[in-house]
Structures are given as structure tokens and as C-alpha cells.
4 protein chains.
Amino acid sequence: MIEAKGRGGRPRSEQARQAVLYAVDDLLLEVGYAALTMKGIAERAGVGRQTVYRWWSTKAEILFEASMDDAEEELAVAPSRTPLAEITSYLDALVRFLTRSPAGAGYRALLAAAQHDPAVRELIATRDVLGASASAVLDRIDPDRPADDHAADRLIGPAFFWIMSGRDPARLDTHELARSFLGSGKS
Amino acid sequence: MIEAKGRGGRPRSEQARQAVLYAVDDLLLEVGYAALTMKGIAERAGVGRQTVYRWWSTKAEILFEASMDDAEEELAVAPSRTPLAEITSYLDALVRFLTRSPAGAGYRALLAAAQHDPAVRELIATRDVLGASASAVLDRIDPDRPADDHAADRLIGPAFFWIMSGRDPARLDTHELARSFLGSGKS
Amino acid sequence: MIEAKGRGGRPRSEQARQAVLYAVDDLLLEVGYAALTMKGIAERAGVGRQTVYRWWSTKAEILFEASMDDAEEELAVAPSRTPLAEITSYLDALVRFLTRSPAGAGYRALLAAAQHDPAVRELIATRDVLGASASAVLDRIDPDRPADDHAADRLIGPAFFWIMSGRDPARLDTHELARSFLGSGKS
Amino acid sequence: MIEAKGRGGRPRSEQARQAVLYAVDDLLLEVGYAALTMKGIAERAGVGRQTVYRWWSTKAEILFEASMDDAEEELAVAPSRTPLAEITSYLDALVRFLTRSPAGAGYRALLAAAQHDPAVRELIATRDVLGASASAVLDRIDPDRPADDHAADRLIGPAFFWIMSGRDPARLDTHELARSFLGSGKS
DNA sequence: ATATAACCGAGACGGTACGTCACGTCTTGCA
DNA sequence: TGCAAGACGTGACGTACCGTCTCGGTTATAT
């Protein structure tokens, strides 16, 4: 049993939990991460402030719980006929996730917070959604690929850097990046 | 004349400006970006709060002015005998900058803030210190290299992603990354 | 029920309320009305600033709540054997109140603030402590006295004007004022 | 010569002085005494801040210089045929001054400030405009009236108290006050 | 059935940073 | 020397949110 139940008492309200997660999703889009406050979340969710603090310590934790499932789903791409097509389509999904998706906004906000908050750093380290999604694609292309060759980092990194630097996603040539990626590390 | 001075009035105090920049540098190391406050900066600098707000809108702007010159300097690497050595040494400098340098901490903080603050986004877009440092190295290796092939992004990206994800810099194999980088994009 | 309490929430702290009122009383004597600040009151009371603002809008309101009970008490004079003695003793109490009493200092400060603040004007209009105290004395002397003959104003006014003009209270001849008052408006 | 001229240098600008006085008059009506600031006065007058401070210490001083001449003029009433008419007409002028006139607003503001500022108290003590105006009327009615009988205070006081208490001037019966005044202090 | 206990909402509590305003002083260049 | 301009250090303003703490009430299980 994961749920270590207390001896008695009222059980946690699933309704309150959902309301908080939805509220965080909405507010992130409406006001941005910086203006996201525990107070605002509680009020938007129609929930007591203490109830929020009882189950989450920081807004980062709530955002993590609210976004990561969506993130995983959005980064899963359908198989393609060629490696080039597959890599390209993955990079497109990655860019779309980072720049258009609410879950991507949550991810970027968390990554940002992690740069100056060790607690958030540990939190996101528990679940490497980007790396896992890239590895899934790479494993499909080459099931015998070596571990620890930074392949996932080389696949994700260039696009990731482009986006995080704040440059226009439309000017990013994912096809070129895919070609370069496949042409590297060979002989 | 660049300095379009008003007709009258007391001139800006260079001493106050320096004091603020030093205060930001110090405080960033001592308390971190999240705990960096305009109030704290002013007090540490021995400067009025209004004086800080008069010249900078946000702590990000101050940090930008305080860090970017140092950043540029720290990312300039000495020429090496072989391309591989040069690339590797650049990547080492990059990792050192992002993980150990005060200026690098400032850079990461700014990049983080840019993820949810369009003003900061524009600010850092005005001066692409990472991209410029990579381009300098790449130009030295191949003066005739094509523009817009994302070479700088492919060079920086993997290490950048590794660091930003919060993973251990010691476990990053810059030599391997350098080899992969040089083996890609050929034809 | 007079106390229309909200449905939930922590109840107002009577301790905090008292601490604020005492702090205002103390500070008025120590630093004067002009140097009385909401910040100072909160700090002296050991209370959050928001807590002060939650229950009072201005320092005048706090002062009103803190002083008016005392004022009423200090302006009540014991009956005397003759009208002249009674009126004289009332005028002495009035002068003492306006010039020596902490509550009187509060009253003068409020009256002053009312001259350029309609809100304070309305506030003090809700409780005419001076007029009520004078009426009490006048009613005792002549229970059948007509209303609206400005008797209370004629009794209070001269001494009030003298004090408010900043002239030396010791040079005010209350006995003469009492005699004149009793000699007027008769036949 | 009253004006002790300095050894050399630019003479005081009469234009600047007038501009400041007009600015104070205007601003008092527009924003009220509390919101009247040295900064605001200087800006409205189109004058340097230092220039204001050079010639006046406080806003009260400026207001005093700007209002008291007007006050004296407005409180001078034309002779009437009977004492009752004269007294009544004086009281009407007094009420009008205190409640309608810009100079009266200035006077009330100064009197208010004097309640908690000894410097202002001394300032207004140098020129008793109300008392002087009342004495002028009383002297005309009875040139041989005794000094120090508080007659001026008894004349002014009731109306003054009524107005300062913030009660409706329209409900003040000046005729009744005049009758009472003339019926008092006889034998 | 009835305690007991943990949950729920609401909202006041002492703090602290926010960004603005005015204070009174100072430092310019010009008249 | 006076003057307009305007930056300086100081400190109060009123607001927002922090995380904690009562409140009255609500649901569950454990007697």
C-alpha cells in the first residue's frame, strides 16, 4: 500500500486536490510563474490556504504534479519510417512542447526555478521527462546503442538551448539539426 | 555625443552605480537570486532605494549589467593546437562558467527569469554571450564555415542542457561531446 | 445580535486591538501627532502593519477610538452649589482638557485633521464630546432651557477659540467668561 | 531700508516669489493642506526646490504669507446703523471667511497645523487676524470698551467652534448669537 | 451510537518586500 | 549669488503575499 492511511479522521478530498491542480494550470497561463502565488492558487481553487500547504510545500511542487504527466504524453511521438523523419518529428514535438504547451511552460518555469532553488533542482531530478522521451526515440532507432554517450543530450541540447535563449522557434531548422545529429558520433 | 545630458541637474553618481553593481555581485553569491531583493541591494550598497529604481527596473537588469562583462571574459579560451583540444577546452570553460562562476550564476538566473518575463527575454537577447563565445572558437577553427547551420547551438546545447537539468557537471564527458561535435555535420 | 460575524475565519484579536490603542496613546505624548505614523504605531504595538490597516484607515481613526472615552470622562464635572461656580469649574475642566490631557491632545489633533479631511470630519461629527459635556452642565442648571439657542456653543466657544489660537491658557479668565455667559441671553 | 542687501550677487527674484505664493493658493484649493507639498509647490510654480527652501522653511510659512493679507481684507465689514446689525454682519463675514474663502481655508489649515506644531503656533501668534477684525468692529460700537474682557473671544468663539466642529454653517443662527452677545457682559 | 481525529473553508495574525512619494540636501551649468 | 534642474540618502506610505494560527464544521473510522 502506497497510501499510508492514518488511524482515523476525514480522508483527503480528491476534489480539493484536483481543484488546486487545475487552478495552477490556469494561473500559470494567465499570470505567469512569477506572479503565481500560494494565496492566489488557493483562492482560485476555492480551497483553504492551509489545505494547499498541507499537501504541497511550494508552488513548484504543485506545478510539478500538475504538469509532468501531460509533459510525458506530449513528448511521445509516433514511429516514422526513417530515422531522419523520426528524429525530425521528435525535435518538432520538443519545440512545440517547450514553446506552445501549457505543460511545457510549467516545465520551463520549474527548470528556471531550479537554477536558484536546490529543492526544485532535486524535485525535477526525480523525473527526467525530456531525457526519457529522447531515449525512447533513440532506443527505437538503435536498440543496441551504447549508454552514457550523451546521445540524448546531443539530440535535445541544441533545440533546448535555442528555445531557452529566447530566440524565435520558427527560425530553428529542426531538419538540419536532425541531419547533423545522425551524422555525428559515427566513425 | 552619446551622452544626451539634460540641461541642468546633478549628474548621476558613478560611485552609487558601482556600489550597486558590487552589492548585487556579492549578494548573489551570499543569498542567491531568489533572496536577492531591491531593498537588500540598496541597503548593502549604502544607497537610497529610489536611486536603484531610478536606473534599473528589476534585479535582473542590475545583474545583467553586473555580470555580462565578466561572462564574456570567462568564456574566451586560448587557442589550442588541434580542433579537438580547442573544442574540448571551450566546453570545459563553458561548464566552469555555468557551474562555478559568479557571472555564470548571474547568467543562469537571468535565463531563468527570461522564461516568464518578456522584458528579461528581450534584455538577454540583446547580447548573446554564449553564442558569441562559441562562434569565436568555431571561426578560429574554420574561418569559412557557413552561417546559420546551428553549429554554435550544437556545440553549446548538450552541455547547456546537462547543466540546466541540474545534473552533476563532473559526470559530463566534454571530450566525448567534442568528438561527436567534430564528427557531425560533415556530409 | 449586534456582532454580525462572518461564517468562518480566525476571530479578531482583542489583544492586538488593545496594543494598538495603547501604542497610539503613548506615541502621541512621546512624539506628537505629526510624527505619529502607522508604521510606528504597528511597531510599538508589536503588531503587523496590515493588522492596523485592517481595522483602521488612518491614525485619526485610531486616535478617535483611543481618546474619546477618556475625553468624555475628563469633561464631566461634579455639581457645584451655584451656577457661576458650576460654569467656572466646567470651563476650567475644558481648558485643562484641551491643554493638558492626552485625550485632549488627541481631540485637538482630530479637529485639526478634520479641517482638511472630510472623513475625519464625519468621524468626529458622530460624537460631539465637547457639546455633550457642556449640555450636561447646562441641563443641570436649567432643566427647562430651550434647545437650539447655541448655549453650548456660547459656553465653549470663547475658551475654545482662545486655546486653539495658541494663546497662553493661564491668561484666560474663566471666571469672567462664566459671568458673561450667565449675563447673556436673558432679557 | 528694511531690505538688507547682500554684498553682491543676483538679487532675489520677485517673480519666483509671486509664483510660489500663487501656486500655494491654487494647490490648497485643488488638493487640500495635507496633500500640499514643498515639491508640489515648487513644480507648480516652475521654480527650483532649493529656491523655495531658501526663503521659506515650511509650507505653513508660505501659506501664511499667501493668505493673511487676503484674510484681513475679507474680515473687514462696512459700518451698519445699529450695533445688532453690525455684529450680525460681522458674524456673517466671519462664517463666510471660514467656510467659503480660500484665505479662510488657509487660516483653518494653519490653525490645524498649529495644534501639533509649535513653530506654526508661534507663526500665527504673530498676527491675530480674527481677533483684530473683531476688535475693530467692537471699537467702532463702543470706543471706550475695556480691554481684556474677552469680548472679541466671546464674539468670535461660538461661531468659530461651530465651524471648526464641522457642523453645517447654514444651521448657525448668527442673529441669535449677535443678540446674545449684546445682552451679555452688561452689569 | 458515539467518540476521536484528520480533514475542510475562511480569515486574522506577525512579518517583510514591494514600488512610490516627499523629505531636505547636494551638485551641476547658466544668468 | 540666485536660479532651474535633478540626483542623492532617508524613511513612511499602503498593498501583497508569506507561512502560521485559530475558528466552526464535516466526514470518516474505531470503539
Side-chain angles (χ1 to χ4, degrees), chain A residues 5-13 15-16 35-43 45-55 57-59, chain B residues 5-13 15-17 19 35-43 45-55 57-59, chain C residues 5-13 15-17 19 35-43 45-55 57-59, chain D residues 5-13 15-16 35-43 45-55 57-59:
Chain A
K5 66 169 193 283
R7 292 203 340 286
R10 184 179 183 169
R12 176 174 184 185
S13 160
Q15 181 180 321
L36 197 61
T37 65
M38 294 296 259
K39 183 171 187 277
I41 293 165
E43 284 172 359
V47 141
R49 210 118 73 84
Q50 192 65 268
T51 300
V52 179
Y53 281 108
R54 194 163 8 236
W55 303 110
S57 296
T58 63
K59 59 181 180 178
Chain B
K5 50 127 77 103
R7 291 205 344 286
R10 182 177 180 171
R12 176 173 184 184
S13 161
Q15 181 179 323
R17 179 179 163 273
L36 197 62
T37 65
M38 294 296 257
K39 183 172 188 277
I41 293 166
E43 284 172 358
V47 141
R49 207 121 71 88
Q50 189 67 58
T51 298
V52 179
Y53 281 107
R54 187 152 27 225
W55 303 110
S57 296
T58 63
K59 58 181 180 177
Chain C
K5 52 126 76 102
R7 292 204 341 287
R10 183 178 180 170
R12 176 174 183 183
S13 161
Q15 181 180 323
R17 178 179 162 272
L36 198 62
T37 65
M38 294 295 257
K39 185 171 187 277
I41 293 166
E43 285 172 359
V47 143
R49 208 121 71 88
Q50 189 67 58
T51 298
V52 179
Y53 282 107
R54 190 158 18 230
W55 303 110
S57 296
T58 62
K59 57 181 180 177
Chain D
K5 66 171 195 284
R7 292 201 341 285
R10 185 178 181 171
R12 176 174 183 184
S13 160
Q15 182 180 322
L36 196 62
T37 66
M38 294 296 259
K39 183 171 187 279
I41 292 165
E43 283 171 0
V47 140
R49 210 117 73 85
Q50 192 65 267
T51 300
V52 179
Y53 281 108
R54 190 156 19 229
W55 303 110
S57 295
T58 63
K59 59 180 179 176

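By convention in this document, chain letters (A, B, ...) are assigned in the order of the sequence lines, proteins followed by strands, and residues within each chain are numbered from 1.
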Find the distance [X]:[atom1] to [N]:[atom2] and express it as a whole number of Å.
X     : N      : atom1 : atom2 : value
B:W55 : F:dG6  : CH2   : C1'   : 9 Å
B:R17 : F:dG9  : CZ    : P     : 15 Å
A:K39 : E:dA17 : NZ    : P     : 19 Å
A:R12 : E:dA6  : CZ    : C1'   : 13 Å
A:E43 : F:dA16 : CD    : C1'   : 11 Å
C:R54 : E:dG14 : CZ    : P     : 8 Å

- When the nearest nucleotide of DNA chain F is assigned to C:T58 and to B:G48 on a heavy-atom basis, which residue is associated with the more 5' position? B:G48

- Item | First of B:A16 and D:A16 reached from the 5' end of DNA chain F, by closest nucleotide | D:A16

Base [N] to side chain [X], donor-acceptor N/O within 3.5 Å cut-off:
X     : N      : value
A:Q50 : E:dC8  : no
B:R10 : F:dG6  : no
C:R49 : E:dG15 : no

- Cationic tip of D:R12 above D:W55 ring, under 6.0 Å, 45° of axis: yes

- Considering non-hydrogen atoms only, spot the tightest contact between D:S13 and D:A16 and give its length. OG-N, 2.9 Å

- Item | Spacing of CG belonging to B:L36 relative to OG1 belonging to B:T58, to within rounding of 0.5 Å | 10.5 Å

- Query: So, is C:T51 near the phosphate of E:dG14, with a side-chain N or O under 4.0 Å from OP1 or OP2?
  - Reply: yes

- Counting heavy atoms from C-beta on, name the nucleotide in E:dT28, E:dC23, E:dA17 closest to the side chain of D:Y53. E:dC23

- Result for 5'-nearest mapping on DNA chain E, choosing between C:P11 and A:P11, is A:P11

- Per-helix bend value, the helix from E:dA1-F:dT31 to E:dA31-F:dT1, C1' rotation axes over five pairs per end, 10° rounding, shows 10°

- Check every strand shown and say whether A:G40 touches a base, only sugar-phosphate, or nothing at a heavy-atom separation below 4.0 Å. nothing

- Item | Side-chain heavy atoms of C:M38 within contact of C:R49, under 4.5 Å | no

